[in-house]
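Keep in mind that the numbers below use all heavy atoms, side chains included, and drop hydrogens, waters and symmetry copies. For this chain, numbers begin at 1 and follow the sequence in order.
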Amino acid sequence: MTINNITRLSAATRSPSVALIKFNKLRSRQKGGLVFAYEGFEDPIFYAMAAQRCGFKEQFHPLVLNGKDMVLGLRKLLQESIEADKGEGVAFFFVADFDGLKGHPAGSDIYVTPTYSIENIVCSVASLKSLLNLE
């Protein structure tokens, strides 16, 4: 196998069509409920706890897609799909950063954190003071 083939195969794993395959696989296994699409592997833990604390009662299934481009790509494919339900029942979660939504339109199906990392939401001045006092 040549380096070019390896590079092409590696790039193909980061294609939004791979995200769509993962989405369809999840939907075929999990009937009903919402799908929450995340950028990273650590995101579902935070958002599940946040949903629980807010009293969110709906059933939801996490879908980790390994990056903002994959999540945005899945959203676009679902919105453009004739077969899909235009992405209804799917919410997309992003961490705020320098590139925003990369030219994609905002919508009620998107949540962007108010800070540049989830850790900044969890931490507060009081918790930081407490940790420093323990030191």
- Task: Kindly give the heavy-atom pair with the smallest separation between N66 and F41, and that separation in Å.
- Result: OD1-CE1, 4.5 Å
- Message: Could you walk me through whether F60 and V35 satisfy the side-chain contact (heavy atoms from CB on, under 4.5 Å) test, starting with their C-alpha distance in whole Å, then the side-chain angles of each, then the deciding distance to 0.1 Å, before giving a yes or no?
- Response: CA-CA 5 Å; F60 63 92; V35 173; over 6 Å; no
- Note on the structure: CZ (F94) and NE2 (H104) are apart, to the nearest 0.5 Å, by 8.0 Å
- Message: In terms of relative ring orientation, are Y47 and F93 parallel, tilted or perpendicular, with 30° and 60° separating the classes?
- Response: tilted
- If we only count heavy atoms from C-beta on, is the Y38 to P62 side-chain gap below 4.5 Å? yes
- So, do K22 and L65 sit near enough that their side-chain heavy atoms are less than 4.5 Å apart? yes
- Item | Minimal non-hydrogen separation, V112 against L101, with atom names | CG2-CD2, 4.3 Å
- Query: Within a reach of under 6.0 Å around CZ of R29, are more than 12 heavy atoms found that belong to other residues, nucleotides or ligands?
  - Reply: yes
- Query: Looking at H61 and G33, what are the two nearest heavy atoms and their distance?
  - Reply: NE2-CA, 4.2 Å
- Could you tell me whether I45 atom CD1 has more than 12 heavy atoms of other residues or ligands within 6.0 Å of it? no
- May I ask you to check whether over 12 heavy atoms, not counting those of Q59, lie within 6.0 Å of atom CD? yes
- Trace of the side-chain contact (heavy atoms from CB on, under 4.5 Å) decision for R75 with I110: CA-CA 10 Å; R75 181 176 182 248; I110 290 180; 3.4 Å; yes
- State, with a plain yes or no, whether a side-chain heavy atom of L74 is found less than 4.5 Å away from one of P16. no
- Note on the structure: When every non-hydrogen atom of D97 is compared with those of K68, the smallest separation belongs to OD1-NZ, 2.5 Å
- Task: Please tell me if the side chains of V95 and F46 come closer than 4.5 Å, counting only heavy atoms from C-beta onward.
- Result: no
- Establish whether V71 and L26 are linked, either directly or via other cluster members, by ILVMFWY side-chain heavy-atom contacts under 4.5 Å. yes
- Item | Where A96 and T113 come nearest, the two heavy atoms and their spacing | N-OG1, 2.9 Å
- What are the two closest heavy atoms between F56 and L34, and how far apart are they? CZ-CD1, 3.7 Å
- Query: Do other residues, nucleotides or ligands put more than 12 heavy atoms under 6.0 Å from K102 NZ?
  - Reply: yes
- Shared hydrophobic cluster for F36 and Y111 (ILVMFWY, side-chain gaps under 4.5 Å): yes
- Main-chain N/O of I21 paired with N24 side-chain donor or acceptor, under 3.5 Å: no
- Residue pair Q30, L63: steps toward the side-chain contact (heavy atoms from CB on, under 4.5 Å) verdict: CA-CA 11 Å; Q30 303 291 340; L63 179 63; over 6 Å; no
